Amino acid sequence: MEKMRAMILSKCAPVETDPLKLAEIDKHQIKKPNEILLKIEACGVCHSQLHGIEGDWKDIGIPPTLPTVPGHEIVGIVTEVGKDVTKFRVGDRAGITPLLEACKKCQYCTEGKEYLCESAEITGESFRGGYTEYITVAEDFATKVPHSMKPDYAAPLFCAGITAFKAVKAAEPRSHKKIGIFGVGGVGHMAIQFARIEGSDVIAFSRSQNHLSVAKRLGAKDAMVFSNNQEEFLERVREKHGLLDAAIVFAPADIVTDTAIKSVKKGGLIVIATVGKNPQFMAFEEKTIRGTLIGSTKDMEEVIKICEKEKVEVITESFPLEKANEVLKKLKNSQIEARAVLIP
Ligand SMILES: [Zn+2]
Ligand SMILES: [Zn+2]
């Protein structure tokens, strides 16, 4: 059996203890006629891996099994196709989102919300993940990537990009709608651009001065420092901009969600694109709170199209696959500006 290099997680532990171990495992083989085999060129390092690997999300069932090969923002070259494959040919570039496969039969799947499928398989929660050299996927759950897009540019689009895109869509953007984006990291920096493409006035919030200047450069109308002093913060937002029409939350902290809800006008919309718990909610203000999770294959195709047409900027730093533990430590210590990408 041919082997491949992989960074394996056998036990959840703090990233300081180097929980990922480099190992040789059996190279994936096409098992079903509708599958393609990708030779991975790049895999993004998502914040959710940090939580999964450290065991923060055990209570919500992540990771469901061990050992695993983490990683769910994958771009590679098709090196083999199953006999029923029609969408791809050998040599094509393709990408995979966190949704590796769904049943295609249930209500969610037939309504184009396959990412909500109860029997979905998640990329990186089995041996089929991105921190390695090869992966198989059913063709319907892979998306074509133009050869003009570099793999380290395209990989982050497959989780951060689609998450940003769908969160912005959920905020119902239109011309001069005032949308606040809370958190300008790997996901937020793309959301700023998607909202601006729709003509919305983006106001970005972050604790980091560096992120605020990135936000401005990418077209935010204003970028303001987020502070835990909620009253003082809301007062500053009110003074400068009045309240917001909508808010999108990417920063996984309850104080941020709570503040975002309060920074929106009565009747406004709040989109929560992260794990949020129990923010205060006042029914009489008629606000709408919406959750959002990645997106469909159709959404993914749209993301690729928009990024190509509008020249959306993706801020990345590349590292060799073997450096996965170091990258996760950097991510934990806020030393990654936006998105780190592993190159096998
Ligand atoms: Zn992700
Ligand atoms: Zn389904």
Side-chain angles (χ1 to χ4, degrees), residues 7 9 15 20 32 34 40 42-54 56-57 60-64 68-75 95-126 128-131 135 137-138 140-143 152-168 183 185-191 194 248-252 272-276 291-300 303 314-317 324 327-328 331-332 336 338-342:
M7 295 299 285
L9 178 73
V15 289
L20 298 176
K32 293 181 210 148
N34 64 342
I40 298 175
C43 180
V45 179
C46 178
H47 231 277
S48 63
Q49 268 116 54
L50 186 58
H51 295 295
I53 289 168
E54 295 207 314
D56 299 343
W57 286 352
I60 52 170
I62 300 173
T68 66
V69 175
H72 62 210
E73 307 183 321
I74 302 165
V75 165
I96 306 174
T97 70
L99 182 66
L100 188 60
E101 206 162 348
C103 81
K104 297 186 72 180
K105 291 187 199 98
C106 71
Q107 185 194 344
Y108 300 122
C109 283
T110 51
E111 284 177 354
K113 293 183 180 173
E114 62 268 24
Y115 47 87
L116 297 177
C117 178
E118 298 286 359
S119 46
E121 196 181 322
I122 305 301
T123 318
E125 292 187 355
S126 63
R128 286 204 285 168
Y131 293 7
I135 186 168
V137 60
D140 288 347
F141 295 91
T143 302
D152 57 334
Y153 170 96
L157 300 179
F158 282 82
C159 176
I162 191 171
T163 299
F165 172 79
K166 205 156 130 277
V168 167
V187 189
H189 87 280
M190 290 190 230
F194 291 132
I248 307 176
V249 184
F250 294 118
I272 303 177
T274 176
V275 180
T292 173
L293 173 75
I294 47 171
S296 63
T297 306
K298 204 159 157 273
D299 291 320
M300 195 58 235
V303 170
V314 180
I315 303 172
T316 63
E317 284 170 68
V327 172
L328 288 160
L331 194 62
K332 191 172 178 179
I336 302 286
R339 208 57 154 189
V341 172
L342 298 174

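Computed from a predicted model, the values in this text were never measured in an experiment. Both ligands and their constituent atoms are indexed starting at 1 by order of listing.
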Any donor-acceptor N/O pair, Lys104 side chain to Cys109 backbone, under 3.5 Å: no

Parallel, tilted or perpendicular: ring planes of Trp57 versus His51, cut at 30 and 60 degrees: parallel

Opening angle at the Zn ion (ligand 1) [SG, Cys46; NE2, His72; to 10 degrees]: 110°

With the Zn ion (ligand 2) as the apex, the SG/SG angle for Cys109 and Cys103 - to 10°: 110°

Cys159 backbone or side-chain N/O/S under 2.8 Å from the Zn ion (ligand 1): yes

Apex the Zn ion (ligand 2) - arms SG from Cys117 and SG from Cys106 - angle rounded to 10°: 120°

Side-chain heavy-atom pair Val303, Phe158 within 4.5 angstrom cut-off: no

Test side-chain contact (heavy atoms from CB on, under 4.5 Å) applied to His72 and Arg128, Gln49, Glu125, the passing residue: Gln49

